[in-house]
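Working notes, beginning with the structure itself.
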Number of protein chains: 2
Amino acid sequence: MKASVDTILEQLEQATALEDMQAVAEALRDRFNVSHVVYHWVSSSGEQYGCGTYSIEWVERYLEKEYLRVDPVITGCYNSFHPVDWKQLDWSGKATRQFQKEAIEYGVGRQGYSIPTRGPNGQYALFTVTDDRSDEEWEEFAEANRRSLIIVAHAMNEKALELEPGREGPPITALSPREVDAITCLALGQSRAQAAQKLSISEHTLRVYIESARHKLGALNTTHAVARAMQRGLIVV
Amino acid sequence: MKASVDTILEQLEQATALEDMQAVAEALRDRFNVSHVVYHWVSSSGEQYGCGTYSIEWVERYLEKEYLRVDPVITGCYNSFHPVDWKQLDWSGKATRQFQKEAIEYGVGRQGYSIPTRGPNGQYALFTVTDDRSDEEWEEFAEANRRSLIIVAHAMNEKALELEPGREGPPITALSPREVDAITCLALGQSRAQAAQKLSISEHTLRVYIESARHKLGALNTTHAVARAMQRGLIVV
DNA sequence: TGCCCCCTCGCTATTTCTGGGGAGTTGAAA
DNA sequence: TTTCAACTCCCCAGAAATAGCGAGGGGGCA
């Protein structure tokens with residue numbers, strides 16, 4: 001007996017831990033009659049979390065090999081704000097082909113459909129369903145369930161943000177206006193001297209802002225600080 | 001006589017220049033019976049373009065004063081992927097209040113509703129309608145026209161990407177895998193020595209990658225290169 | 001009033017990055 | 001087959017960033 005999507009969404013609503021989301025993923029797999037349902041996200045600090053029906057071996061291999069940097073699904077969806085059929089992605093390239101081969105060996109379906117979602121602090125998540133149907137069947141499936149899948153993806157996203165591990169960590173502090181100015185200048189490629197001139201302050205003062213921002217962001221150096229500020233949307237470039 | 005939304009969308013479809021989009025904005029203003037309709041976007045190279053019904057004086061002042069960095073609508077929507085009512089935004093802060101005061105003086109409505117959209121290379125755009133209705137009337141309006149506005153915003157976005165000025169500029173080159181690795185390490189805060197060690201190459205080689213990536217990205221220095229790579233979604237951090 | 005954050009400026013020594021130069025191998029595409 | 005892009009390694013000198021330290025005025029909040 002398959003649960004309805006609404007029932008599963010209710011179940012998701014009640015979730016208070018990753019394990020509950022795991023159960024939701026399994027229920028969704030049964031409901032949609034696909035090989036796998038996976039929800040995978042990258043926190044604002046770059047850590048990966050996920051829940052889904054992939055085998056533990058594949059998950060471990062994925063993390064160990066840092067396939068995040070190879071997986072065309074990740075990079076391909078990163079700029080997309082719409083669902084993506086894996087067939088639309090670029091699977092050329094040596095590392096990518098090897099990755100694809102391994103994925104299939106580990107039981108990931110040949111077909112896939114991924115929906116990217118975001119959080120307010122640069123979190124990036126993917127809700128994915130995979131299967132082994134034929135191209136035509138898969139297209140039909142994706143077309144028919146597009147809306148439901150989008151709704152589910154966004155619901156998963158809400159819950160993931162709510163449960164996000166590492167939330168207890170250093171709070172995401174806002175930067176002061178001058179710090180934003182300083183970091184923005186640097187992100188635009190200006191040297192410290194140029195930035196100081198642009199902001200009409202001494203270079204020493206500028207440095208104080210950069211250092212201050214760097215500490216607030218928990219960044220190791222200026223480049224890191226700029227990257228974090230951008231990722232968290234603290235500056236507009 | 002007001003044109004229907006569908007008619008206006010057709011008109012938009014035919015647009016071949018900014019002026020046509022301007023006419024579309026005016027038609028939308030009349031259709032929705034609001035004070036202003038504005039579409040404003042920031043290209044991947046950081047330049048601003050727009051079309052809409054704001055007075056030329058306000059637009060010039062906005063650009064001259066770089067209000068992009070002050071405007072809470074810009075920063076508030078930057079992390080949002082959903083429409084935002086201006087009342088939800090944070091209007092505290094000295095510069096922000098001053099900005100708000102000026103905006104009202106220049107005829108921008110007290111109420112506003114903005115829909116953020118994105119392009120594939122970091123373009124960030126806002127479709128905004130403003131008016132002077134009461135809170136209740138505005139809420140009702142926004143609720144009633146939400147779907148239409150979202151559709152229009154996305155259509156404007158498509159057209160804006162198509163017409164984007166500066167498209168003739170240096171093409172957005174993809175980075176080689178090693179360049180991606182190198183820039184990613186830097187974005188994660190590693191020094192060149194650390195990054196070289198992590199990638200198991202000499203620091204000299206790493207430098208070649210960074211320089212190469214920097215040239216491809218048209219960046220002035222390493223920090224700039226990382227910022228551009230992030231903005232264009234070439235690296236996943 | 002006291003506290004804390006923001007803004008501004010200064011000094012010094014050390015480490016790191018920048019911007020040129022050249023050179024050999026591999027592999028894929030034309 | 002040639003050609004080109006990617007990958008790897010090396011040298012050097014000058015420019016820039018870094019990590020500490022310290023100090024004082026202003027404004028907001030309790």
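Residue numbering restarts at 1 for every chain, and letters A, B, ... go by the order of the sequence lines. Everything numeric in this text was worked out from a predicted model, so none of it was measured.
We find that CG of L186(A) is positioned 15 Å from P of dC17(C), with the value rounded to whole Å. As rounded to whole Å, 15 Å separates atom C1' of dG10(C) from atom CG of L206(A). The distance from atom CZ of R192(B) to atom C1' of dT15(C) is 11 Å, rounded to the nearest whole Å. In this entry the distance linking CD of E203(A) with P of dC7(C) reads 18 Å, nearest Å.
Toward the 5′ end of DNA chain D lies the nearest nucleotide of S176(B), the other residue of the pair N221(B) and S176(B) mapping further downstream. Of the residues near DNA chain C, K94(A) and I210(B), the one whose nearest nucleotide (by heavy atom distance) lies more toward the 5' end is I210(B). When each of T223(B) and E179(A) is assigned the nucleotide of DNA chain C bearing its nearest heavy atom, the one mapping closer to the 5' terminus is E179(A). When the nearest nucleotides of DNA chain D are assigned to S212(B) and R207(A) by heavy-atom distance, the more 5′-ward of the two goes with S212(B).
Taking the six-membered ring for Trp and thresholds of 30 and 60 degrees, Y39(B) and F127(B) have ring planes inclined between 30 and 60 degrees apart. Ring pair Y67(A)/Y62(A) is perpendicular by interplanar angle, where above 60° counts as perpendicular and below 30° as parallel.
Residues A95(B) and V70(B) share a closest heavy-atom pair of O-CG1, 3.8 Å.
Ion pairing between R61(A) and E57(A) fails under the 4.0 Å rule for side-chain N and carboxylate O.
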